[in-house]
Amino acid sequence: MVVEKDSAQNQTSNSKIVPLSIQMQTINLQEELNEIQAQAVQHIDGPVMVIAGPGSGKTRVLTFRIAYMIEQGIDAFSILALTFTNKAAAEMRNRIQNLIGNDARNVWMGTFHSVFARILRIECQRLGYPSNFSIYDTTDSKNLIKRIVKEEGLNDKIYKPNIVYNRISSAKNSLITSVDYNQDFNLTAEDEANRRPKLGALYRTYTKRLFEAGAMDFDDLIMNMYLLLSQHPDVLYKYQHKFKYIMVDEYQDTNYAQYLIIKLLCDVFQNIAVVGDDAQSIYAFRGANIQNILNFEKDYPEVATFKLEQNYRSTKNIVKIANQIITKNKLQLPKEIWTDNSDGNKVKLIRAASDNDEGRIVADIIQEMKLRNHYKNNDFAILYRTNAQSRSFEEALRRQNIPYKIYGGLSFYQRKEIKDFMAYLRLTVNHNDEEALRRVINYPRRGIGDTSMNKITLIANETGRPIWEVISNPALYKLTARVATALDAFATMIKSFRSLMTKKDAYDLAHHIGKATKMFKELHNDKSVEGLSRYENLQELLNSINEFRDTNSEEKLAGEVSDQNNLGAYLQQVSLLTDTGKDDENADTIKLMTIHSAKGLEFKLVFVVGLEENLFPSMLSMNSREDLEEERRLFYVACTRAEEHLMVSYANMRYRYGNLQYCEPSRFIDEISPFDMEAYGGSTQKTNVKTSWESPMKQRFNFSKQFKPKQAAGNLPAIDITDFKPDNPATLEAGMKVVHQRFGKGNIQHIEGEGPARMATIQFNQFGQKRILLKYAKLQIMQG
DNA sequence: GTGGGATCGGTTTTT
DNA sequence: CCGATCCCAC
């Protein structure tokens with residue numbers, strides 16, 4: 001057993017006598033931080049929890065804390081700082097570097113996934129994985145699931161890849177391995193009840209296939225890290241003693257597996273500092289467990305808790321609105337966010353007739369604000385619930401020649417040409433990477449189509465050999481001469497790339513691969529607009545590989561290949577990136593993004609758009625009170641991004657799959673006191689809404705009709721989902737007279753279904769009979 | 001094995 | 001509306 005040499009070994013864990021680092025500058029904490037922040041920074045030993053409201057200087061505390069620790073002589077190598085996004089990690093590293101210089105480089109800092117991947121590369125042989133394991137992204141995983149479902153002859157309408165993937169993912173997040181899963185009576189019974197009895201078997205096959213391909217999916221990086229630590233005491237010992245100080249950002253977003261790993265790692269020294277805000281927990285859908293932060297004090301009774309409640313970001317009006325929303329939630333740690341900033345402007349409510357109208361109004365307001373307040377484009381952000389909503393804003397901004405940048409959506413690394421090229425790189429490093437292999441074996445065309453691949457898969461399954469084996473030895477199997485030659489050429493080519501790995505660095509090899517596979521040529525020959533942009537994207541990727549090579553090559557070894565700048569190193573770094581990371585900080589653009597990706601950012605003026613029932617809150621995540629509360633936290637996060645102006649908007653009509661649909665203003669609008677809001681922009685005049693109709697003869701008729709936007713902020717409260725618990729069926733019954741926000745007075749005729757799925761058939765005086773899903777309904781019972 | 005036309009289905013957030 | 005998939009003709 002090799003325990004890594006620990007340079008801080010001579011120190012006891014709380015000795016701060018001998019500073020190891022040269023003090024570049026002395027940090028004056030009193031000058032830089034408020035009292036509570038300074039306390040949190042200086043409390044280094046033992047468990048610490050910092051509850052940090054929005055705009056309260058959370059990142060500031062974290063960075064100063066690390067800088068302070070290093071100045072106190074703690075070895076940077078023994079500090080582990082975990083974040084959730086690459087952006088947060090990069091920003092923190094930057095800021096610490098500014099504070100203390102190059103010592104910052106030695107802190108282990110990164111996302112959970114990237115830090116664990118780095119450790120797994122070193123240790124994963126213990127689990128039987130090769131150290132050059134591939135990382136499957138969501139698309140790869142879903143493709144694999146789709147293929148397994150097909151191979152097993154199951155109905156792909158029942159076993160939809162999304163459902164299967166999510167089920168497996170949440171199992172992994174709860175540290176349930178495929179073996180555990182199949183032995184767990186509750187889970188299998190649940191699957192039986194959902195008419196998906198084969199899920200356990202699918203999970204087993206999926207795990208097996210990943211293992212054979214030498215690949216891990218995102219969740220495996222976490223689960224395998226846990227398995228590694230819990231099954232190998234020597235490895236656990238090594239990292240427990242390596243990471244004497246552990247810090248976790250956005251702790252409210254940790255899932256069960258991450259929680260346990262942290263618990264294991266900090267078990268010896270108990271120097272664990274978590275920073276977060278339960279009110280900003282918005283990742284339950286990927287397993288985040290808000291209880292982790294709510295229960296932190298129970299897990300670590302000696303914890304020192306600091307609450308950062310002063311907001312330095314937003315005006316009083318914005319803080320007030322945010323508080324109004326979040327206090328509707330029952331599940332939270334008690335705290336009160338306040339600010340010393342000025343009152344600022346009232347929150348504006350924008351009413352639009354349609355989504356296009358919404359886009360137009362927002363663009364108009366941006367123009368106006370730029371002129372009136374001398375705002376720059378960088379000061380604006382448009383935040384929405386779903387990526388699909390960006391369209392109308394893009395169109396409107398483009399029409400007005402306002403530069404904008406969209407974050408998220410189809411990320412750079414998701415594009416077909418990039419995925420194809422990356423597949424070649426992955427296949428070069430790991431020949432067993434099945435997803436990569438299937439992606440490129442017939443691209444560019446080399447005469448190995450589906451028929452041949454099906455045959456090869458069959459052979460592989462029958463002989464029990466990996467697909468790569470079959471492909472690289474086609475002569476051994478019954479294949480036509482033509483296919484055998486093509487396969488042989490392909491395998492030889494990939495092998496030649498592999499042998500070049502020690503001779504060429506990442507960029508040179510990638511360039512060689514692009515040429516040898518004829519991918520460059522293929523894309524270059526496509527002269528269409530999309531083809532051109534595909535070619536440019538590939539060039540962009542190569543540029544970034546070039547950049548990687550340059551930053552990771554040691555100067556004296558220029559031109560040499562090392563473990564730092566070869567293809568394997570590049571892939572390791574890049575497979576966990578979801579965006580180019582190359583956002584031009586200098587470019588003056590309006591930012592468009594989902595609320596989820598806006599966490600941690602701030603803008604002078606924020607538009608929170610698309611506030612319509614079933615869209616925000618989303619109808620797909622409204623099955624319990626907890627779900628509604630998470631949507632509410634999402635709205636809270638959105639509002640607290642704003643510094644000076646906050647504008648919320650909704651449209652009464654929205655295009656969905658090409659059809660114009662009616663939308664109700666969101667209940668969140670009703671949750672803001674009307675006195676704290678003022679109508680703004682867009683006016684309430686009639687607007688033309690374009691629509692179209694396709695005749696049975698496939699003729700399309702476009703016409704526009706006039707539409708007057710409906711006023712929001714009705715007085716009817718949305719019915720709380722808690723009322724629909726099966727054990728509390730009262731509240732609404734057939735025979736009752738009710739008032740509906742939109743349809744007016746009516747009689748409930750009958751109610752069907754249970755829980756949140758309850759539907760009421762109501763006869764309305766003006767609008768006739770309607771069926772209404774009660775969990776969304778804004779209804780009031782009429783007395784008498 | 002390839003390419004074009006018809007048909008069907010899906011509606012969320014991310015490492 | 002958009003992408004995946006199926007079917008059919010070459």
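Everything numeric in this text was worked out from a predicted model, so none of it was measured. Each chain gets a letter, A, B and so on, in the order the sequences are listed, and its residues count up from 1.
The phosphate of B/dG10 (OP1 or OP2) has no side-chain N or O of A/Asn162 nearer than 4.0 angstrom. OP1 or OP2 of B/dG3 sits under 4.0 Å from a side-chain N or O of A/Arg445. Between A/Lys146 and C/dT5 there is a side-chain N or O to OP1 or OP2 distance below 4.0 Å. For B/dT15, neither phosphate oxygen OP1 nor OP2 lies less than 4.0 angstrom from any side-chain nitrogen or oxygen of A/Thr111. Checking the phosphate oxygens (OP1, OP2) of B/dG10, a side-chain nitrogen or oxygen of A/Lys160 falls inside 4.0 Å. Phosphate proximity of B/dT13 to A/Asn387: present, with a side-chain N or O under 4.0 Å from OP1 or OP2. Residue A/Thr594 places at least one side-chain N or O closer than 4.0 Å to OP1 or OP2 of B/dT14. Between B/dG1 and A/Ser452, a contact under 4.0 Å exists linking OP1 or OP2 to a side-chain N or O.
For A/Tyr283, counting side-chain heavy atoms from C-beta on, the closest listed nucleotide (B/dT14, B/dT13, B/dG1) is B/dT14. Nearest nucleotide to the A/His596 side chain, out of B/dT12, B/dG1, B/dT13: B/dT13. Closest approach to the A/Phe218 side chain among B/dT15, B/dT13, B/dT12 is made by B/dT15 (side chain taken as heavy atoms from C-beta onward). Nearest nucleotide to the A/Thr85 side chain, out of C/dA4, B/dT12, B/dT15: B/dT15. Checked against B/dT15, B/dT12, B/dG1, the side chain of A/His113 finds its nearest nucleotide in B/dT15.
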* Under the salt bridge (Lys or Arg N to Asp or Glu O under 4.0 Å) rule, what do A/Asp220 and A/Lys172 come out as? Steps first, then yes or no, please. => CA-CA 7 Å; A/Asp220 282 335; A/Lys172 285 182 179 175; 2.8 Å; yes

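In this structure, A/Arg633 atom CZ and B/dT12 atom C1' are separated by 16 Å, rounded to whole Å. In this structure, CG of A/Leu221 is placed 9 Å from C1' of B/dT15, rounded to the nearest angstrom. Taking atom CE of residue A/Met223 and atom C1' of nucleotide B/dT15, one finds them 16 Å apart after rounding to whole Å. One can place CD1 of A/Ile168 at 21 Å from P of B/dT15, the figure rounded to the nearest angstrom. For A/Asp450 and B/dT2, the CG to P distance is 8 Å, given to the nearest whole Å. Rounded to whole Å, the distance from CG on A/Asp156 to C1' on C/dA4 is 11 Å. The interatomic distance linking A/Tyr443 (OH) with B/dT2 (P) rounds to 13 Å, in whole Å. Look at CD on A/Gln414: it is 10 Å from C1' on B/dT14, rounded to the nearest Å.
Taking the ring axis of A/Tyr283 as reference, the NZ or CZ atom of A/Arg286 stays within 45° of it and closer than 6.0 Å to the ring centre. Cation-pi contact between A/Lys157 and A/Tyr159: absent, since separation from the ring centre below 6.0 Å together with deviation from the ring axis within 45° is not met. For the pair A/Lys416 and A/Tyr443, the cation-pi criterion (under 6.0 Å, within 45° of the ring axis) is fulfilled.
At least one side-chain heavy atom of A/Thr111 sits less than 4.5 Å from a side-chain heavy atom of A/Thr83.
If you check every strand for non-hydrogen atoms under 4.0 Å, A/Asn442 touches sugar and phosphate atoms only. A/Phe84 comes within contact range of the sugar-phosphate backbone alone, with a heavy-atom separation under 4.0 Å but no base atom that close.
Residue A/Tyr477 places its OH atom among more than 12 non-hydrogen atoms of other residues, nucleotides or ligands, all under 6.0 Å distant.
Two residues, A/Ala388 and A/Lys157, neighbour DNA chain B, and the one matched to the more 5' nucleotide by heavy-atom proximity is A/Lys157. Residues A/Thr451 and A/Leu576 each lie close to DNA chain B; by heavy-atom proximity, the contact nearer the 5' end of the strand is made by A/Thr451.
Residue side chain A/Arg286 does not reach the base of B/dT15 through any donor-acceptor N/O pair under 3.5 Å, judged by distance alone.
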